[in-house]
Amino acid sequence: QVQLVESGGGSVQAGGSLRLSCVASGDFYSKNCMGWFRQAPGKEREGVALIYTGGGSTYYADSVKGRFTVSVDKAKNMVYLQMNSLKPEDTAMYYCAADSIAIDYGLGTSCPAPWLEYRYWGQGTQVTVSS
């Protein structure tokens with residue numbers, strides 16, 4: 001079991017930045033996939049940024065590439081999402097997630113993007129970007 005608690009959400013104008021944090025407790029070190037998902041009203045939850053904690057490979061949704069950066073600090077049991085150049089379409093509830101589901105594709109190991117793959121979730125933190 002692992003418990004996840006997010007923080008750092010808020011309201012910001014377009015072009016601004018926010019840094020989300022997720023602190024993990026419990027069986028953190030066995031979870032080799034961690035990252036961030038988001039869900040806007042009326043839309044399906046989507047993977048935003050994921051990181052394989054065993055090797056550092058990352059996944060980013062096309063809509064956030066070049067603007068968002070996911071990182072993990074194992075010593076502090078923390079996962080971060082640095083969000084720059086925010087757009088109104090980034091407005092959503094952001095969730096931290098974790099599980100032991102890294103996949104070895106032969107050429108490398110990475111984490112799956114579908115949210116249904118993940119069992120452990122935080123309660124979410126709201127991000128609102130105004131134009």
Check whether [X] reaches the backbone of [Y] with its side chain - one donor and one acceptor, N or O, closer than 3.5 Å.
X: Lys76; Y: Val23; result: no
X: Ser57; Y: Thr109; result: yes
X: Ser21; Y: Tyr80; result: no
X: Asp73; Y: Met78; result: no
X: Glu6; Y: Cys96; result: yes

Which value, rounded to the nearest 0.5 Å, describes the distance between [X] atom [atom1] and [Y] atom [atom2]?
X: Ser11; Y: Leu86; atom1: OG; atom2: CG; result: 11.0 Å
X: Ile101; Y: Arg119; atom1: CD1; atom2: CZ; result: 8.5 Å
X: Ser71; Y: Leu81; atom1: OG; atom2: CG; result: 8.5 Å
X: Tyr94; Y: Gln39; atom1: OH; atom2: CD; result: 12.0 Å
X: Ile51; Y: Thr69; atom1: CD1; atom2: OG1; result: 10.0 Å
X: Gln126; Y: Arg38; atom1: CD; atom2: CZ; result: 11.5 Å

*Audit row: Asp99, Lys31, salt bridge (Lys or Arg N to Asp or Glu O under 4.0 Å) steps and yes/no*: CA-CA 5 Å; Asp99 214 322; Lys31 305 302 180 281; 5.9 Å; no
*May I have the step-by-step check of ring pair (Phe, Tyr, Trp, His ring centres under 6.0 Å) for Phe37 and Trp121, ending in yes or no?*
CA-CA 10 Å; Phe37 292 75; Trp121 294 87; 5.0 Å; yes
_Tell me whether Lys65 is salt-bridged to Asp62, with the criterion being a basic N under 4.0 Å from an acidic carboxylate O._
yes
*Indicate, with yes or no, if Leu18 and Trp36 share a hydrophobic cluster defined by side-chain heavy-atom contacts under 4.5 Å among Ile, Leu, Val, Met, Phe, Trp and Tyr.*
yes
*So do Lys74 and Thr53 actually touch side chain to side chain, heavy atoms under 4.5 Å?*
yes
*For Arg67 and Ser17, what are the C-alpha separation, side-chain angles and deciding distance, and is it a side-chain hydrogen bond (donor to acceptor under 3.5 Å, both in side chains)?*
CA-CA 9 Å; Arg67 300 188 297 123; Ser17 297; over 6 Å; no
*Which of these passes side-chain contact (heavy atoms from CB on, under 4.5 Å) with Phe68: Thr58, Asn84, Val48?*
Val48
*When you look at CD of Gln13, are more than 12 heavy atoms from neighbouring residues, nucleotides or ligands closer to it than 6.0 Å?*
no
*Residue pair Tyr52, Tyr59: steps toward the ring pair (Phe, Tyr, Trp, His ring centres under 6.0 Å) verdict*: CA-CA 9 Å; Tyr52 167 52; Tyr59 160 88; over 10 Å; no
*Taking the six-membered ring of Tyr95 as reference, does the NZ or CZ atom of Arg45 fall below 6.0 Å from its centre and within a 45° cone about the axis?*
yes
